[in-house]
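What follows is a short report on a single structure.
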Amino acid sequence: MSDGTMFAPFGQYSSRDFAEGHRTIRVYTREKEIELEVFAADVVDASSEGKRTDFADAAALDAYLGDKLSRCEVVLEEPSDVAQAWAFVTCSYQTNNSRTVVYAKEVEAWD
């Protein structure tokens, strides 16, 4: 990680200019290609952040995202009606335990 070869560009999303210029992320799986659009990024303390991957319904996901966005350093848009959100996490070096979290939503998928 420290040599910049794994996920290092995600750390740059804490800069608004970088985030605005790099809104699209493509994920390639064995089954399909997914295009994502970045809507926010934040630098967090890894020991105080938990992860959550299951939501009762769309309203619960919207509430969770609303809470996260209220604390984000970079908010490019406040999405509504998000069926699935992605969060990419990588090391940051602002403190000993910092992580950059990049939030994105699916905009298109191809088989």
Side-chain angles (χ1 to χ4, degrees):
M1 176 59 209
S2 61
D3 69 358
T5 59
M6 284 188 59
F7 302 114
F10 282 110
Q12 296 178 54
Y13 278 91
S14 61
S15 160
R16 176 173 291 282
D17 287 341
F18 182 88
E20 287 174 346
H22 298 86
R23 299 262 331 243
T24 302
I25 296 172
R26 283 209 165 81
V27 176
Y28 299 92
T29 71
R30 290 180 186 165
E31 295 81 28
K32 61 185 173 182
E33 177 182 339
I34 305 164
E35 183 175 311
L36 307 174
E37 184 175 71
V38 173
F39 61 85
D42 200 13
V43 176
V44 301
D45 181 336
S47 61
S48 66
E49 281 292 313
K51 68 178 180 176
R52 184 169 172 196
T53 60
D54 191 33
F55 301 90
D57 55 26
L61 175 58
D62 282 344
Y64 177 81
L65 289 175
D67 178 58
K68 291 293 182 191
L69 290 176
S70 71
R71 294 181 272 141
C72 280
E73 291 182 20
V74 176
V75 178
L76 302 174
E77 72 173 276
E78 295 195 23
S80 59
D81 300 323
V82 174
Q84 183 172 0
W86 292 62
F88 297 91
V89 182
T90 192
C91 296
S92 293
Y93 300 100
Q94 288 84 343
T95 68
N96 284 343
N97 208 23
S98 293
R99 302 293 184 270
T100 299
V101 183
V102 177
Y103 297 97
K105 63 181 181 179
E106 287 188 23
V107 286
E108 198 166 356
W110 304 272
D111 290 333

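The first residue in the sequence is number 1, and the count goes up from there.
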Would you say Glu78 has more than 12 foreign heavy atoms packed within less than 6.0 Å of its CD?
no
Can you run down the salt bridge (Lys or Arg N to Asp or Glu O under 4.0 Å) pairs that involve residues 14-24, sequence neighbours left out, and say none if there aren't any?
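Matches after skipping sequence neighbours: Arg16-Glu20, Arg23-Glu37, Arg23-Glu77.
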Residues in side chain to side chain donor-acceptor pair (under 3.5 Å) contact with Ser98, at least two apart in sequence or another chain
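Only Thr95 meet the side chain to side chain donor-acceptor pair (under 3.5 Å) criterion with Ser98.
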Which value, rounded to the nearest 0.5 Å, describes the distance between [X] atom [atom1] and [Y] atom [atom2]?
{"X": "Tyr103", "Y": "Lys68", "atom1": "OH", "atom2": "NZ", "answer": "4.5 Å"}
{"X": "Trp86", "Y": "Ile34", "atom1": "CH2", "atom2": "CD1", "answer": "4.0 Å"}
{"X": "Glu35", "Y": "Glu106", "atom1": "CD", "atom2": "CD", "answer": "10.5 Å"}

State, yes or no, whether a side-chain contact exists between Phe10 and Val102 at a heavy-atom distance under 4.5 Å.
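A side-chain contact exists here, since the closest heavy-atom pair is under 4.5 Å.
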Linked, directly or transitively: Val43 and Val101 (ILVMFWY side chains, under 4.5 Å)
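Each belongs to a different hydrophobic cluster.
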Heavy-atom pair of closest approach, residues [X] and [Y]:
{"X": "Pro79", "Y": "Leu69", "answer": "CD-CD1, 3.9 Å"}
{"X": "Leu61", "Y": "Ala83", "answer": "CD2-O, 3.9 Å"}
{"X": "Leu76", "Y": "Val38", "answer": "CD1-O, 3.8 Å"}
{"X": "Cys72", "Y": "Ala40", "answer": "SG-CB, 4.1 Å"}
{"X": "Ser14", "Y": "Thr100", "answer": "N-CG2, 4.5 Å"}
{"X": "Val27", "Y": "Leu36", "answer": "CG2-CD1, 3.7 Å"}

Name all pairs fulfilling the ring pair (Phe, Tyr, Trp, His ring centres under 6.0 Å) condition that reach into residues 14-39, sequence neighbours left out, sorted by first residue then second.
Tyr13-Phe18, Phe18-His22
Under the side-chain contact (heavy atoms from CB on, under 4.5 Å) test, which residues partner Asn97, sequence neighbours left out?
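Asn97 satisfies side-chain contact (heavy atoms from CB on, under 4.5 Å) with Asp45, Ala46, Ser47, Arg99 only.
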So, using side-chain contact (heavy atoms from CB on, under 4.5 Å) as the criterion, who are the partners of Asp67 when residues are at least two apart?
Ser70, Arg71
Name the atoms and distances for all side-chain donor-acceptor pairs under 3.5 Å in residues 53-60, with sequence neighbours left out.
residue: Asp57; atom: OD1; partner: Ala59; partner atom: N; Å: 3.2
residue: Asp57; atom: OD1; partner: Ala60; partner atom: N; Å: 2.9

